[in-house]
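Working notes for the structure below.
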Amino acid sequence: MSGDLAARAAADGVTFLLAVFVDLAGKPCAKLVPVEAADEFESDGVGFAGYAVGAIGQQPSDPDLVAMPDVATYTPLPQVREGLALVHCDPHVDGVPWPYAPRVILKAALERAGDLELRAGAEVEYFLVTRDAEGRLSPADVRDTAAQPCYDARGLTRMYDHLTEVSTAMNRLGWGNYANDHEDGNGQFEQNFTFADALTTADRVVTARYLISVLAERRGMTATFMPKPFTDRTGSGMHLHLSLWRDGEALFPGDGGLSPLARAFLAGVLDHACGLQAVIAPTVNSYKRSGATSTRSGATWSPRRATYGGNDRTHLVRVPDANRIELRGADGSANPYLALAATLAAGLDGVARDLDPDDVDGGELAPTLLHAVDALVADPVVSGALDAAGPGVCDYVADRARTEFLDWHGTVGEWEIDRYLTAF
């Protein structure tokens, strides 16, 4: 009903609305809408030059991309700015949901699931870093130098102000932040919140990244979700905890373990693991994380084969209990909407084919983004998930990924200079 945004804003003392959506690469895009224009925003949306947005499937000659607000996502963010609230939007073109918009894609994928509801939790890992005068990257905490800093109470306490500010914000939003910890890399942290339906969780990941980034910048730090910012340290994942529900009933628990439906879903994820990689690990840098052979701590925590097991973090899919499975292949650069849409499609294919995970050999995961893209386009289930709202999206994503790989491949780096400058 028109007027809901204005009424909510007035009740909360909100004066500006941040109209947010992300492109296919996960870049958050926004316009600030004054509360005086809230009714117009709610009924007509707010326009963007789509090509300028980035990876969203438009050319300069295309009509406006109009961000239509999902009023249910209205989120006051006084920790960022007093009087500010964020609203997630669904981009439309000519009055129709735009098929290249990630949130639109996930909503279409969820509709395909019929009466099965995907619920998800996401582990948001990130590094807090700074650059010196020469541009060199280092942990923001100069005392964070231990070889095995994971869970270190002192490193956690030194970042107390940042971590507690983020935690307090999450809890005021009703997300149920239940843990904040120092992760395995120097300068690396994780802040967890309770699971929800897949669309809500994807929205929260986008909001969390924005919130963490802005609050870190205030303290002179950069929060990076880059999968592998340091060669010798553990990379950042975005582990996804997944379960299926119907009419409020959890469908994964079975008699003494996972139900047959859960096992079939898991098998589908394994069977499509290679095709999934280009979606859940979508950058050149992703494969520096998944391809790592060692780190300062002695473990990479990143799977290299499509395997599953119990409470064992070396597998692509961990089964911590009968309530959920954990997909450990997604990293910090993954677009949460696309990652959940593609994983849902893979799992449901396993259900439709009644697969058993013990009969599935997902094989070695892709060593580079280029290999992953080839697997993506060859997988009709995963590529079909990207095309859930309309054709052409998978090809667009694949072309951009190939271009990224070739751009990186064509750049001369320090490794090559060190290896070849005087080698001949």
Does some side-chain heavy atom of Val129 sit less than 4.5 Å from a side-chain heavy atom of Ser138? no

Can you list the residues that meet the side-chain hydrogen bond (donor to acceptor under 3.5 Å, both in side chains) rule with Tyr74, with sequence neighbours excluded? Asp12

Do Leu128 and Asp141 come within less than 4.5 Å of each other through their side chains, counting heavy atoms only? no

Partners passing salt bridge (charged side-chain N to carboxylate O under 4.0 Å, His left out) against Asp395 (at least two apart in sequence or in another chain): none

Could you point out which residue of Tyr337, Phe48, Tyr210 forms a ring pair (Phe, Tyr, Trp, His ring centres under 6.0 Å) with Phe21? Phe48

Working for ring pair (Phe, Tyr, Trp, His ring centres under 6.0 Å), residues Phe127 and Phe189: CA-CA 6 Å; Phe127 282 84; Phe189 298 88; 8.7 Å; no

Check step by step if salt bridge (Lys or Arg N to Asp or Glu O under 4.0 Å) holds for Arg305 and Asp361. CA-CA 9 Å; Arg305 285 187 57 83; Asp361 180 5; 3.3 Å; yes

Keeping the roles fixed (side chain from Asp232, backbone from Arg296), state whether a donor-acceptor pair exists under 3.5 Å. no

Working to the nearest 0.5 angstrom, can you tell me the gap between Gln79 CD and Thr168 OG1? 7.5 Å

Testing Val87, Thr207, Leu86 for side chain to side chain contact (heavy atoms under 4.5 Å, CB included) with Leu18, which one passes? Leu86

Looking at CG of Leu270 and CG of Leu355, how far apart are the two atoms once the value is rounded to the nearest 0.5 Å? 9.5 Å

Return the set of residues passing salt bridge (charged side-chain N to carboxylate O under 4.0 Å, His left out) with Arg103 (not counting sequence neighbours), or none when no residue passes. Asp70, Asp90, Asp203

Mind checking the CG-CG spacing from Leu344 to Leu348? Nearest 0.5 Å is all I need. 4.5 Å

Working note: Asp349 + Arg353, criterion salt bridge (Lys or Arg N to Asp or Glu O under 4.0 Å); need CA distance, chi angles, decisive distance, verdict. CA-CA 6 Å; Asp349 183 61; Arg353 294 159 58 199; 2.7 Å; yes

Quick one: salt bridge (Lys or Arg N to Asp or Glu O under 4.0 Å) pairs with a partner in residues 169-198, sequence neighbours left out? none

Asp144 side chain to His182 side chain, donor-acceptor N/O pair below 3.5 angstrom: yes

Rounded to the nearest 0.5 Å, what's the gap from CZ on Arg8 to OG1 on Thr75? Could you check? 9.0 Å

Run the side-chain hydrogen bond (donor to acceptor under 3.5 Å, both in side chains) test against Arg318 and tell me which residues pass, sequence neighbours left out. Asn311, Glu326

Short side-chain to backbone donor-acceptor contact, Glu123 and His239, under 3.5 Å: no

Using modelled atom types and a 3.5 Å cut-off, is there a donor and acceptor pairing between side-chain atoms of Ser236 and backbone atoms of Phe225? no

Who are the side-chain hydrogen bond (donor to acceptor under 3.5 Å, both in side chains) partners of Asp312, not counting sequence neighbours? Thr314, His315

Tell me, please, whether Tyr126 has Arg209 positioned over its six-membered ring: NZ or CZ under 6.0 Å from the ring centre and within 45 degrees of its axis? no

Any non-hydrogen side-chain atom of Leu199 less than 4.5 Å from a side-chain atom of Leu110? yes

Is there side-chain contact between Asn180 and Val166, with heavy atoms separated by less than 4.5 Å? no

Residue list, side-chain hydrogen bond (donor to acceptor under 3.5 Å, both in side chains) with Asp255, at least two apart or on another chain: none

Donor-acceptor contact below 3.5 Å, side chain Lys228 vs main chain Arg233: yes

With a cut-off of 3.5 Å and sequence neighbours excluded, list every side-chain donor-acceptor pair involving residues 50-62.
{"unit_1": "Gln58", "atom_1": "OE1", "unit_2": "Gly50", "atom_2": "N", "d": "3.2"}
{"unit_1": "Gln58", "atom_1": "NE2", "unit_2": "Pro63", "atom_2": "O", "d": "3.1"}
{"unit_1": "Asp62", "atom_1": "OD2", "unit_2": "Gln59", "atom_2": "N", "d": "2.7"}

Is there side-chain contact between Ser167 and Asn171, with at least one heavy-atom pair below 4.5 Å? yes

Would you list the pairs meeting ring-ring contact (aromatic ring centres under 6.0 Å, His included) in which at least one residue belongs to residues 84-113, sequence neighbours left out? Trp98-Tyr100, Tyr100-Tyr396

Quick check on side chain to side chain contact (heavy atoms under 4.5 Å, CB included): which of Ser297, Pro149, Cys150, Ser302 does Thr234 satisfy it with? Ser297

For atom CD of Glu40, decide whether the heavy atoms of other residues, nucleotides or ligands shown that lie under 6.0 angstrom number more than 12. no

Rounding to 0.5 Å, atoms CG (Leu386) and CG (Leu106) come to a distance of 11.5 Å

Hey, is the main chain of Ala196 close enough, under 3.5 Å, to the side chain of Thr200 for a donor-acceptor pair? no

Checking Phe195 now: which residues fulfil ring-ring contact (aromatic ring centres under 6.0 Å, His included) with it, not counting sequence neighbours? none

Asp247, CG: over 12 other non-hydrogen atoms inside 6.0 angstrom: no

Side chain proximity check, Ser383 to Val377, heavy atoms < 4.5 angstrom: no

Just wondering, more than 12 heavy atoms not from Trp175 lying within 6.0 Å of its CH2? yes

Exactly one of Val317, Val351, Leu327 clears side chain to side chain contact (heavy atoms under 4.5 Å, CB included) with Leu266, and that residue is Val317

Holding to salt bridge (charged side-chain N to carboxylate O under 4.0 Å, His left out), I want the full list of residues that pass it with Arg263, two or more places apart in sequence or in another chain. Asp356, Asp358

For Ser286 and Thr283, run side chain to side chain donor-acceptor pair (under 3.5 Å): C-alpha distance rounded to whole Å, both residues' side-chain angles, the deciding distance at 0.1 Å, then the answer. CA-CA 5 Å; Ser286 297; Thr283 66; 2.9 Å; yes

Quick check: do Tyr308 and Val319 have side-chain heavy atoms less than 4.5 Å from each other? yes

Distance check, rounded to the nearest 0.5 Å: Leu370 atom CG versus Phe405 atom CZ? 5.0 Å

Name all pairs fulfilling the ring-ring contact (aromatic ring centres under 6.0 Å, His included) condition that reach into residues 349-395, sequence neighbours left out, sorted by first residue then second. none

Using a 6.0 Å cut-off, check whether atom CD of Glu414 has over 12 heavy atoms from anything other than its own residue. no

Examine distances only and state if a side-chain atom of Asn186 and a backbone atom of Gln188 form a donor-acceptor pair shorter than 3.5 Å. no

Kindly indicate, with the supporting measurements, whether the criterion side chain to side chain donor-acceptor pair (under 3.5 Å) is fulfilled by Asp379 and His272. CA-CA 7 Å; Asp379 188 323; His272 294 284; 2.7 Å; yes

Can you tell if the side chain of Thr300 reaches within under 4.5 Å of the side chain of Arg289, non-hydrogen atoms only? no

